[in-house]
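What follows is a set of notes on a single structure, which appears directly below.
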Amino acid sequence: TFLQPPRGCDMQWCFSQVKGAIDDDVAEADIISTVEFNHTGELLATGDKGGRVVIFQQEIENKNYPQLRSEYNVYSTFQSHEPEFDYLKSLEIEEKINKIRWLPQKNAAQFLLSTNDKTIKLWKISERDRRADGYNLKEEDGRYKDPNSITSLRVPVLIPMDLMVEASPRRVFANAHTYHINSVSVNSDHETYLSADDLRINLWNLEITDRSFNIVDIKPANMEELTEVITASEFHPNQCNTFVFSSSKGTIRLCDMRASALCDKHSKLFEEPENPSNRSFFSEIISSISDVKFSHNGQYMMTRDYLSVKIWDLKMENRPVETYQVHEYLRSKLCSLYENDCIFDKFECCWNGNDSVVMTGSYNNFFRMFDREHRRDVTLEASRENSKPLQVLKPRKVCTGGKRKKDEISVDSLDFNKKILHTAWHPLDNIIAVATTNNLYIFQDKLTG
Amino acid sequence: MSAITAMDVNVEAKRILAVSISKLYASRTQRGGLRLHRSLLLSLVMRSARDIYHSSRESEAPIAAAPEEPMDTSSRAEEQTQLPEPESEPQPVANGAEAASEVSDSREEESDGETTEDKENVSPTRQSRKRRGKASAAPDFLPSKRARLEPGEERYAAPLGSCRTMAGESLTTLSLNRVIPAF
């Protein structure tokens, strides 16, 4: 349940925190590559290009700012993946974390899957706040006592110690992907998960690392005939037999694992016919889907392509039910964006907890929210200039032509090196995490009254 | 098309081809290996650009032919009417350079006296699409070579709105579709 009924884009957003270096000189290893809340929202994980995972934990209460419910502090940091070298192909395998997905909590420990291009790892994060004291045979420092000096028997007791959070790799799922992994998704059965690369999707059991089942294979017999690749994949939130995968051609296929072992033949194909007036050299690139996410209720899915966000009703394949333009003013700049490589940027998107608002990133450290209920949208900016505690964010506007009003920014002044590719929304509250290149911003909505 | 002429489209297509080729070359050295998705998108853009380039070139062919082939102008006048239909790709896909030079190659072959009916008995070398020499090697849409970047150097991003020409490296016989099987 929500702490406050969401009012969509009437909502005002306040700055809460920013994590990361203040330096303008960004170390490549610090570039954030994925952001994910766990299922309760208490933990927030980030992965970076250097292969590290940083987990933040929500504080219960801040005495100085009681209305600040979104204070997150570092809980655990660990090196998930290291760079590797494939000697057979003479290729370096990057340690960059492509995706993190949390498992639903089953016991005191937390589990997450993190993946780079080739290997998925299951990490256990556990707390230790007690240690044993008073061994019979050992000294405090672990050395064994001289047996002749032991004259009495005592039972070790557990005494409190400073909280220690340990991360340990419990499973390593390797050597199953020839191409670069773009997605992992945990099944609602909590036993299996899928991993997807450019051409194949594999199904794993979380307990078994030496075997996986291939469930989708779109590799053509002759690679010269390749026309599309898989760009993202996700399991349905409550139907454990259903998953979707999106393609570089702008289509989404929904598959039912009960239908056959190999789900190359889709159950549903979601595709919107192209608008012929928008045809250009770059039509194919901008129609490539960079992210697909089911709504929490499982009735809709959202896709992100270069210029827009689309909401699809799972019961209707021939067109999306809603389309939101993220930065339509870029359509006339596609040639420049091709030259500076920005056209290849892969933006993600996310739903809020009750599926009424969707969010995605853009350039100039702008991010956009679309309120589906009230048909409103807002552009906000993640910037250190608006970073006083609980400072309300002012909506931003891009001027697309003609006279630029005060406070508007013209398209040509946008900084295309400042891009927000990864955003996440707390599952139960109006708290959002927005990643700029190397900083993580946390915002919360302003509670009235 | 509104104010955009076929010539503008041709220039645009040439530039996009050159940019795409440099990107393809650059992607071979990037960390993590060739990215299949990116390579596929590059090849799709290149194919669109190449198709536009050739269709707009064909419409300009009578004008463009003379300045491009100074050595053949004498025999050209008679051969023009004997030319077979415009060259289509001998293979499913050919790169822009090969297509451009094969047009000039076929014209040189024709001027050697080869008749169209005798194609079956032509020795393989006759139908070879290999370039005849430096004169016909560089297609006109490619600007001169420029230095390969050393590791650590970088090109700065093109400022928005100023689609400047990016010099590409000279082409090797890299078929568009053969980019993909490199995996």
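We name chains A, B, ... by the order of the sequence lines, and we start the count at 1 in each one.
- Contact count versus chain B (heavy atoms, under 4.5 Å) is highest, among A/Leu91, A/Val229, A/Asp341, A/Ile93, for A/Asp341.
- Put simply, of A/Lys89, A/Glu84, A/Glu92, the one with the most heavy-atom pairs under 4.5 Å next to chain B is A/Glu92.
- There is no contact between A/Asp197 and chain B, counting heavy-atom distances below 4.5 Å.
- Proximity of a side-chain donor or acceptor of B/Lys23 to a complementary backbone N or O of A/Glu339 within less than 3.5 Å is detected.
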### Message
side-chain hydrogen bond (donor to acceptor under 3.5 Å, both in side chains) for A/Ser246 and A/Thr303? Distances and angles first, verdict last.
### Response
CA-CA 8 Å; A/Ser246 59; A/Thr303 57; over 6 Å; no
### Task
Applying side-chain hydrogen bond (donor to acceptor under 3.5 Å, both in side chains), run through A/Asn202 and A/Asn214 and close with a yes or a no.
CA-CA 4 Å; A/Asn202 293 332; A/Asn214 177 243; 3.3 Å; yes
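- Heavy-atom distances place the side chain of A/Thr231, and not its backbone, under 4.5 Å from chain B.
- If you check the side chains of A/Asp117 and A/Asn98, you find a donor sitting under 3.5 Å from an acceptor.
- When heavy atoms are compared at a cutoff of 4.5 Å, A/Phe344 approaches chain B solely by way of its side chain, counted from C-beta outward.
- When heavy atoms are compared at a cutoff of 4.5 Å, A/Leu199 approaches chain B solely by way of its side chain, counted from C-beta outward.
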### Derivation of the side-chain hydrogen bond (donor to acceptor under 3.5 Å, both in side chains) call for A/Thr379 and A/Arg368
CA-CA 5 Å; A/Thr379 305; A/Arg368 303 263 284 136; 2.9 Å; yes
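- Counting heavy-atom neighbours within 6.0 Å of A/Glu28 CD, excluding the residue itself, gives a total of 12 or less.
- For A/Lys249, no part sits under 4.5 Å from any heavy atom of chain B, backbone or side chain.
- Of the listed residues (A/Asp305, A/Leu334, A/Leu337, A/Leu330), just one forms a side-chain contact (heavy atoms from CB on, under 4.5 Å) with A/Ile286, and that residue is A/Leu334.
- With a threshold of 4.5 angstrom between heavy atoms, A/Thr227 approaches chain B through N, CA, C or O but not through any side-chain atom.
- Chain B forms the most heavy-atom pairs under 4.5 Å with one residue out of A/Glu228, A/Lys118, A/Glu95, and that residue is A/Glu95.
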